[in-house]
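So that the names make sense, note that chain A is the first sequence line, chain B the second, and so on, each numbered from 1.
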2 protein chains.
Amino acid sequence: MPVQPCSAAPIVREPLSGQAAAELAGVFKALSDPIRLRLLSAIAARAGQEACVCELSEGIDLTQPTISHHLKVLREAGLLTSERRASWVYYRVVPEALQRLSQVLLVESGATGVLA
Amino acid sequence: MPVQPCSAAPIVREPLSGQAAAELAGVFKALSDPIRLRLLSAIAARAGQEACVCELSEGIDLTQPTISHHLKVLREAGLLTSERRASWVYYRVVPEALQRLSQVLLVESGATGVLA
């Protein structure tokens, strides 16, 4: 289930609530695996921030089912969306999700408030 | 062992290397626990971004050894430093570590390059 909290106040601005911490921890857990980080980055760095599993399996030495499993975890964390076209599933980055995490970790309070 | 990669290029700019992904995954793993996120935020939101265990145990319903364990994980990930003064250990946020993570997750390439 995608996690979409309403606010994204930086953690340095005020103490996180229990609920916000639980939601955020789930997203960071999805990012706590090197393979998932590489897959997310490989998709994000492509034109259109989109790729199919067939394209991703080229650069990473894993079977396609394993790659699909990791992509599913990223999708369930709200970091990717997926769409089936013909025989392939295409994955696309959710830029707002990355931006929200970036915002949450922001240190300089002068630059905040964009997503809050 | 604190993780201090030389660069912090956003993952949307170019695909992460295996080494960078492994280092980053370790830091995200430290952030993948709600209690650790709340402790980090509680310290970060204080004046001076510093707190002793005695102050942190007030707001969170956990024993002091458990809190100390979570703080140790955050310290080993390079997100906190610690210093003993008299009978208490004080923990301080490493703003550069948060800033680096925020940078890595940045989506707008126009705002990058500060830490790279």
Flag the one option from A:A44, A:S41, A:P15 with the top tally of heavy-atom pairs under 4.5 Å to chain B.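 Ranked by heavy-atom pairs under 4.5 Å with chain B, first place is A:S41.
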Residue among A:I43, A:V93, A:L40, A:L31 satisfying side chain to side chain contact (heavy atoms under 4.5 Å, CB included) with B:I11: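 By the side chain to side chain contact (heavy atoms under 4.5 Å, CB included) criterion, B:I11 pairs with just one of A:I43, A:V93, A:L40, A:L31: A:L40.
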When rounded to the nearest 0.5 angstrom, what distance separates CZ in A:R36 from CG in B:L16?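 The distance works out to 14.0 Å.
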B:L105 CG to A:R100 CZ distance, which is reported to the nearest 0.5 Å: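 Interatomic distance, B:L105 CG to A:R100 CZ, rounded to 0.5 Å: 11.0 Å.
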State yes or no: do B:L71 and B:V89 share one hydrophobic cluster built from I, L, V, M, F, W and Y residues joined by side-chain heavy-atom distances below 4.5 Å, directly or via other members?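 Yes; tracing contacts between hydrophobic side chains, which count when under 4.5 Å, links both residues.
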Taking a hydrophobic cluster as the set of Ile, Leu, Val, Met, Phe, Trp and Tyr residues connected by side-chain heavy atoms closer than 4.5 Å, whether directly or through intermediates, do B:L24 and A:V73 fall within one such cluster?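 No, B:L24 does not connect to A:V73 through the hydrophobic network.
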Quick check: does any side chain N or O of A:S102 sit under 3.5 Å from a backbone N or O of B:S102, one acting as donor and the other as acceptor?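 Here the side-chain-to-backbone pair exists.
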If you look at every heavy atom in A:V107 and B:P95, which pair is closest and at what distance?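 Looking at all heavy atoms of both residues, the closest pair is CG2-O, 3.5 Å.
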What pair of heavy atoms forms the shortest contact from B:A21 to A:R38, and how long is it?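 Here B:A21 and A:R38 meet closest at CB-CG, 3.4 Å.
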Decide side chain to side chain contact (heavy atoms under 4.5 Å, CB included) for B:L37 and A:F28; before the verdict, give the C-alpha distance in whole Å, the side-chain angles of both, and the deciding distance to 0.1 Å. CA-CA 10 Å; B:L37 278 176; A:F28 285 129; 3.9 Å; yes
